[in-house]
Structures are given as C-alpha cells and as structure tokens.
Amino acid sequence: MIYLDNAATTKMFEESASVYKEYACTNFFNPSAGYGKAVEISKKLDEVRELLKKRLSVDKGDIIFTGGATESNNLAIRGSVRSGKWEYVFSEGEHPSVYNVAKALEQEGHIVHIIPLGKNGQVDYDEIEKVLNDKTRLISVMHVSNETGAINDIKRIKAHRDRLSPKALLHVDGVQAFCKIPFSLNDLGIDLYTISAHKFHGPKGVGALYVKNKQGLKNIIFGGGQEGGYRSGTENVAGIMAMAKSCEMIDTEKNLEKVKRLNSIFKHAISGVDGIEYIEAGSPYIISLSFAGVNGETLMRDVQDEVIVGMGSACSAKKAGNRVLQSMGYSAEKIKSSIRVSFNAYLDEEDVAYAGEMLVKKYLDLRERVR
Ligand code: PMP
C-alpha cells in the first residue's frame with residue numbers, strides 16, 4: 001500500500017513510539033507532583049518547550065501544550081475574544097477548527113469578516129487590507145493550506161496588520177508548515193502559532209500553541225491550572241515527549257528537497273493526460289488534482305487497495321462540496337472530480353511514480369466506463 005494522504009495524518013516514527021512507551025509505562029509520573037521524579041518530568045516538558053521554540057526560530061514567548069491543533073486553534077481564537085465592539089478576520093480557506101469557530105463567533109453577535117481566496121489558493125490580501133481597522137482584534141490566516149498546499153504570505157498580512165490594526169493579534173495555523181517548510185517566527189512576527197504532532201510523524205491528540213504574549217490570551221479550559229493556567233488538565237507527557245522526538249528526527253530542509261523530487265516524479269507520471277489538472281501551489285507536500293468527467297471519490301475507492309489518496313481535508317471529506325475549492329472559483333463539477341495527494345519525505349521514489357501511473361490508469365478506465 002502506498003500512502004499518499006499525509007496531510008490527513010502521518011505514520012508515527014518507531015523511535016517516537018518507543019519514547020511514548022517509556023513515558024507512558026516507566027517515567028509515567030504526573031509533572032505537577034512535588035517529588036523528584038515528577039519534577040524531572042516537569043523539567044523535561046520545559047526542555048520540549050525550548051526545543052519547539054528553537055524549531056520555530058523564536059526567542060520570546062511561551063509554548064502551551066494542547067490536545068492537538070483543533071484545541072490550539074480554539075484556544076487562540078476564543079482566548080483572544082474580548083467583550084465590546086471588536087472585529088475578527090479569517091480566511092475562507094481555514095480548516096474547520098478555525099472556520100467553525102469564526103462562524104460560532106458570528107452567531108454570538110461578533111463582527112466577523114471572512115476573506116475569500118484567490119485562484120492560487122492564497123487569501124486575497126487586498127480584501128484583508130480593506131477590512132482591517134483599529135477595532136480589529138484578531139486576524140487568523142493559515143500558513144499552508146491543507147487542501148491545496150498554497151502558502152499564504154504571512155509577512156504581507158503582518159505588514160497590513162502593523163499599519164492598519166496595531167491592536168490586532170495575528171494567529172497562524174501552522175499545522176501543514178511546521179517541520180515541512182522552513183520559516184522563522186522571529187521574522188514573521190506572529191502572536192499565536194498552532195502545531196499538531198500527528199502531521200510530522202508524532203502521535204495523534206497532542207499539539208501546541210505558541211503564544212508571544214500570554215497576557216493577551218484568556219484561558220478557555222478551567223481546572224487545576226496546568227500550563228500556566230492556560231490549559232488545565234494533566235499534560236499528555238508521553239505524547240509530548242514523542243512529539244519532541246519526531247521533531248528532533250526531522251531535517252526540514254533535507255526533507256523538503258526529497259519531497260520536491262517526489263512531487264515532480266508524481267507530476268511527471270500524470271503529465272500529458274487529457275483531463276487531469278492540478279494547481280501549482282506553494283508547498284510540494286500537497287497536490288490538489290482534478291480528473292475531468294469522473295467522480296474523485298470513486299477514483300479514490302478504485303485505487304485504495306494499492307494507493308491511498310485523500311478527498312481534501314479528512315475533516316470535511318464526509319461533507320458535500322468543498323468550501324476551500326469553491327472559494328478558489330472551482331465549479332461544483334470540478335470539486336466533485338477532485339482528490340488530494342500528499343507526501344511524506346520517507347516515501348520511495350518508485351512507489352510515487354507507480355502511484356501516479358496507477359491513478360492515470362484507473363482514471364482512463366473509469367472515464368471509459370462512465371462514457
Ligand atoms: N489545521 C489544519 C491546517 C489541519 O490540516 C488539521 C488536520 N486536518 C487541523 C488543523 C486539525 O488538527 P488536529 O487533528 O491535531 O486537531
């Protein structure tokens with residue numbers, strides 16, 4: 001089986017699974033307890049905070065461990081909401097863990113602006129500029145699109161923010177960027193940044209939120225006051241330690257070079273076939289493709305014994321249509337014929353070429369059948 005749905009989740013490294021086991025079964029102590037062994041665990045967690053900050057290339061700020069990106073995104077947004085007439089800005093391309101929070105804020109009576117995407121999948125920067133003002137409280141735009149791989153120009157958004165909405169916080173969902181494309185939070189000047197371990201060969205159900213200035217954030221979960229009061233609940237120590245191991249094992253630059261090769265091998269395998277289209281987005285990890293005249297879901301099922309591809313975001317796959325592709329101007333028919341292919345850096349080049357050929361073969365067969 002050739003697994004090409006790595007934007008949905010990745011396989012955990014064996015080494016990370018060993019670390020997980022160590023901290024689940026041997027060093028299992030509660031980091032909030034007072035005895036030596038527990039204090040050691042608490043120190044380990046602090047080391048992971050430093051590791052993540054280093055990997056994010058950021059000097060100032062804190063890391064709050066969470067139960068994954070959905071929680072990080074909810075904390076970032078809900079934690080930034082203030083009473084009074086503030087405005088909140090999101091892109092149409094956001095993952096449901098941001099988009100649906102935006103919709104909830106709207107229903108609760110807040111002023112919410114949802115910015116459309118351009119044809120290339122990036123947010124429309126001019127539209128962002130138009131809505132920003134000194135009442136903007138939060139701008140939340142993802143780094144890399146989980147649907148198309150489009151990379152938003154965060155520096156450009158920050159420049160608009162600095163000029164027009166100096167009081168606004170900038171939140172970025174970095175789930176498809178962290179440990180995949182190089183960047184520096186010091187350079188980007190982001191206030192809040194979301195990551196999730198299972199997208200970079202770590203365990204599911206663990207992630208983090210980087211916070212530049214905790215004073216600007218309200219907590220949304222009440223309890224024992226762990227994570228400086230910003231995320232109560234005993235930390236998922238085994239998950240956090242395994243996440244750190246995965247992070248340490250990844251060489252972002254080297255992996256990126258490999259994935260660029262895989263991306264071009266795949267594109268070569270499908271090139272020249274009438275009816276297959278894809279957009280040239282930014283991240284080589286993700287390709288959104290359409291297969292004219294066939295149903296993407298049928299094609300996905302047809303190849304699944306040998307090749308696993310995705311139907312856009314796993315979280316939206318069960319729902320009809322696709323808000324992100326729609327915002328990019330895709331017709332309903334093109335959306336139906338779309339699939340998503342996403343790589344990891346440990347795939348075999350020949351397997352990727354084979355997967356491309358397989359998709360072409362099944363596509364041509366299917367097209368014949370539906371004619
Ligand atoms: N944001 C993006 C961009 C994602 O791709 C995902 C996972 N599909 C999430 C958030 C949610 O991550 P988690 O599964 O860790 O809650």
Side-chain angles (χ1 to χ4, degrees), residues 3-12 16 20 52 56 63-78 90-104 117 121-123 140-152 154 171-181 183 190 192-210 220-221 231 233 235-236 239-240 242-244 246-247 281-288 308-319 322-325 327-328 339-344:
Y3 178 71
L4 299 183
D5 196 20
N6 291 276
T9 197
T10 55
K11 183 172 145 183
M12 205 193 324
S16 306
Y20 189 99
L52 293 181
L56 289 163
I63 295 288
I64 298 172
F65 295 120
T66 65
T70 297
E71 191 190 314
S72 298
N73 286 340
N74 273 263
L75 173 59
I77 300 164
R78 287 264 177 215
F90 302 90
S91 95
E92 186 93 55
E94 297 306 302
H95 184 268
S97 56
V98 168
Y99 188 81
N100 289 341
V101 186
K103 286 282 153 191
L117 306 179
Q122 291 177 38
V123 63
S140 179
V141 174
M142 71 205 316
H143 202 167
V144 173
S145 165
N146 54 306
E147 298 276 352
T148 63
I151 304 179
N152 284 313
I154 302 297
H171 167 241
V172 175
D173 175 347
V175 166
Q176 302 290 348
F178 184 67
C179 282
K180 293 180 198 289
I181 60 163
F183 62 89
I190 294 164
L192 300 148
Y193 197 84
T194 291
I195 65 169
S196 177
H198 73 105
K199 309 290 179 164
F200 56 93
H201 305 279
K204 294 172 182 55
V206 57
L209 180 68
Y210 162 78
I220 60 168
I221 295 179
R231 201 279 189 176
E235 286 90 347
N236 176 0
I240 293 165
M243 164 165 76
S246 298
C247 181
S283 167
Y285 278 83
I286 299 174
I287 309 178
S288 174
I308 294 190
V309 298
M311 288 285 304
S313 155
C315 312
S316 61
K318 292 191 192 88
K319 295 199 194 114
N322 181 313
R323 159 178 44 87
V324 179
L325 299 181
S327 182
M328 289 163 64
I339 63 161
R340 178 186 69 183
V341 163
S342 49
F343 305 107
N344 70 66

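Just so you know, ligand 1 is whichever comes first in the structure, and atom 1 is the first atom listed for that ligand.
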Does ligand 1 have a heavy atom under 4.0 Å from the side chain of V175, from its backbone, from both, or from neither?
side chain
Ligand 1 N/O within reach of A69 N/O, cut-off under 3.5 Å:
yes
Output the list of atoms in ligand 1 that are nearer than 4.0 Å to some heavy atom of S97, sorted by atom number.
10 (C)
Is the NZ or CZ atom of R231 both under 6.0 Å from the centre of the six-membered ring of F65 and within 45° of that ring's axis?
no
Regarding K199 and T10, is there a side-chain donor-to-acceptor distance under 3.5 Å anywhere?
no
Distance from F178 atom CZ to F183 atom CZ, nearest 0.5 Å?
6.5 Å
S196 heavy atoms within 4.0 Å reach ligand 1 at atoms 13 (P), 15 (O)
Within 4.0 Å of some non-hydrogen atom of D173, the atoms of ligand 1 are 1 (N), 2 (C), 3 (C), 10 (C)
Under the criterion side-chain contact (heavy atoms from CB on, under 4.5 Å), which of N73, I77, T194 is the partner of S97?
N73
Determine, considering heavy atoms only, which of M142, H95, E147 sits nearest to atom 4 (C) of ligand 1.
H95
Ligand-side contact atoms (ligand 1) for residue partner K199, heavy atom cut-off under 4.0 Å:
5 (O), 6 (C), 7 (C), 8 (N)
A side-chain contact here means heavy atoms from C-beta on lying under 4.5 Å apart; do P284 and F343 qualify?
no
Below 4.5 Å, heavy atoms only, C-beta onward: do I287 and S342 meet side chain to side chain?
no
Pull out every atom of ligand 1 sitting under 4.0 Å from any heavy atom of N146, numbered as shown with elements.
3 (C), 5 (O)
Give me the one residue out of H143, M142, Q176 that meets side-chain contact (heavy atoms from CB on, under 4.5 Å) with I151.
H143
Examine the side chains of S16 and H201 and answer whether a donor and an acceptor come within less than 3.5 Å of each other.
no
Using a strict 4.0 Å cut-off to heavy atoms of H198, name the atoms of ligand 1 that fall inside it.
13 (P), 14 (O), 15 (O)
Atom indices of ligand 1, in the order listed, that fall short of 4.0 Å to a heavy atom of G68
15 (O)
Side chain, backbone, both or neither: which part of K204 comes within less than 4.0 Å of ligand 1 when only heavy atoms are counted?
neither
